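Note that the structure is a prediction, hence the values are computed from the model and not measured. Residue numbers run from 1 in the order of the sequence given. Keep in mind that the numbers below use all heavy atoms, side chains included, and drop hydrogens, waters and symmetry copies.
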Amino acid sequence: MSNLRPLEEEKYDMSGARLALTLCVTKAREGSEEDLDALEHMFQQLRFESTMKRDPTAQQFQEELEKFQQAIDSWEEPVSCAFVVLMAHGKEGLLEGEDGEMVKLENLFEALNNKNCQALRAKPKVYIIQACRGEQKDPGETVGGDEIVMVTKDSPQTIPTYTDALHVYSTVEGYISYRHDQKGSCFIQTLVDVFTKRKGHILELLTEVTRQVAEAELDQGGKPRKVNPEIQSTLRKRLYLQ
C-alpha cells in the first residue's frame, strides 16, 4: 500500500479584478488581427478587463507595461491576476517594436514583479509571448552530480522577487514561430480554444495546448514544420481561470 500523501491543493484567490494587456505588432505579421479577435473573446469569457494596443514601438512596449503596472497598483478593488500578451517579431530574449528597434523581454517582465508591482505581490502574472526565438526550423522527428544543500528558513512574510509568474512562449528557445496569413497563429488560436472550452488549472490547460500544437502539421512554403510551446513557471499555487 502506498504511503504517498496527496498534495494539498492550494489555489490562488480569483475573486478580485482580472486585468489583461495585449501589445501586438501587426505590421508585416499577417493573421495578427485573427489572433487579437480570438484573445478579445477569451478575455471577455474569462472576465478580464482587457486593453489592446496595436503596433507599439520598442519604447512603447516598455511604457505600456509601466502604465499597466501603475493602473494595477491604483486599481480600486483588489486585483487577483494579470495577463500580458506580447506579439511581435523577435529573437531570443528580445521583441521587435513597430519601429524595428528591440526591447528586452526581461525588462518587460520586471515591471510586474513582486518588487515593482505591489498590488500583484504573491498574485499570478501570466505572460504569453507569440514571437520567434531564433532562426531554427524544426522538420520534426519520428516517434519510435554535485550534492546541493538546501537551506530553508521559516519567514512567511517574504517571498522571492520573481515568484507567481508564468511565461508561455509560442516556441522553444532558438526556433521560429509560425503564423497563418488568414487564420492567425496555431499557438494563440489553440490556447484560446483550450482556455475557453476546457476546465482545469492553468498548467493542465497549457499541457493540452502544447499537445495539440505539437501534433499540428504546419506547412511553410510546401515544407512540413513542427513547433511546440514552452512553459516556464514560478507559480506557487494552482491557478483556475474558469
Side-chain angles (χ1 to χ4, degrees), residues 19-46 48-68 82-112 125-135 165-196 202 205-206 209-210 212-213 216 218 220 225 227-232:
L19 308 179
L21 173 67
T22 301
L23 301 175
C24 177
V25 175
T26 62
K27 197 185 273 187
R29 294 183 69 254
E30 292 80 5
S32 297
E33 289 298 334
E34 283 70 20
D35 286 347
L36 287 169
D37 288 348
L39 286 163
E40 189 80 79
H41 165 71
M42 178 183 86
F43 286 133
Q44 275 176 0
Q45 187 174 319
L46 298 176
F48 275 79
E49 185 119 357
S50 164
T51 304
M52 295 198 165
K53 303 276 182 190
R54 287 169 173 77
D55 296 319
T57 63
Q59 190 177 344
Q60 284 167 341
F61 265 108
Q62 191 71 48
E63 287 169 357
E64 291 297 336
L65 253 297
E66 285 165 13
K67 263 196 246 174
F68 190 50
F83 262 61
V84 175
V85 183
L86 306 169
M87 298 195 282
H89 291 299
K91 48 192 178 186
E92 185 55 32
L94 299 167
L95 286 185
E96 185 179 318
E98 183 270 345
D99 55 350
E101 297 295 312
M102 292 290 191
V103 63
K104 284 184 180 176
L105 275 169
E106 64 185 73
N107 291 348
L108 300 181
F109 298 154
E110 221 166 65
L112 301 185
K125 300 156 272 284
V126 178
Y127 300 90
I128 293 167
I129 302 106
Q130 162 66 33
C132 291
R133 300 177 71 190
E135 303 295 327
L166 185 60
H167 300 92
V168 188
Y169 294 90
S170 57
T171 186
V172 294
E173 187 174 332
Y175 281 79
I176 275 181
S177 185
Y178 297 100
R179 239 177 17 268
H180 189 281
D181 290 0
Q182 284 86 43
K183 297 176 189 166
S185 60
C186 178
F187 168 63
I188 293 289
Q189 297 294 327
T190 305
L191 183 136
V192 167
D193 190 58
V194 171
F195 276 29
T196 53
I202 199 166
L205 298 179
L206 286 169
V209 171
T210 302
Q212 289 188 24
V213 173
L218 305 176
Q220 187 202 31
R225 299 289 184 214
V227 68
N228 63 271
E230 182 176 352
I231 302 154
Q232 298 171 1

F61 side chain reached by L95 side chain, heavy atoms, under 4.5 Å: yes
Correct closest heavy-atom pair for T196 and V192 would be OG1-O, 2.7 Å
With F43, which residues qualify under ring pair (Phe, Tyr, Trp, His ring centres under 6.0 Å), at least two apart? F48, F83
N/O donor-acceptor pair under 3.5 Å between D35 side chain and S185 backbone: yes
In terms of heavy-atom contacts, F68 and V84 come closest through CE2-CG2, 3.9 Å
Counting only heavy atoms not in Q59, do more than 12 fall under 6.0 Å of its CD? no
Once ring pair (Phe, Tyr, Trp, His ring centres under 6.0 Å) is applied, do any residues pair with Y127, and if so which ones, sequence neighbours excluded? F109, H167
L36 versus M52, closest heavy-atom pair with distance: O-CE, 3.6 Å
Under 3.5 Å donor-acceptor, S170 side chain and A131 backbone: yes
Over all heavy atoms of both residues, which pair between K125 and L112 is shortest? Give the atoms and the distance, please. CD-O, 2.9 Å
Between V209 and L191, what is the shortest heavy-atom contact and its length? CG2-CA, 3.8 Å
S32 and R29: which non-hydrogen atoms are nearest, and at how many Å? OG-O, 2.5 Å
With a 3.5 Å distance limit and no angle check, can you tell me whether D55 reaches the backbone of K27 through a side-chain donor-acceptor pair? yes
Donor-acceptor check, side chain of Q189 to backbone of A38, threshold 3.5 angstrom: yes or no? no
Ignoring hydrogens and angles, tell me if any N or O in the side chain of E101 forms a donor-acceptor pair with the backbone of A58 under 3.5 Å. no
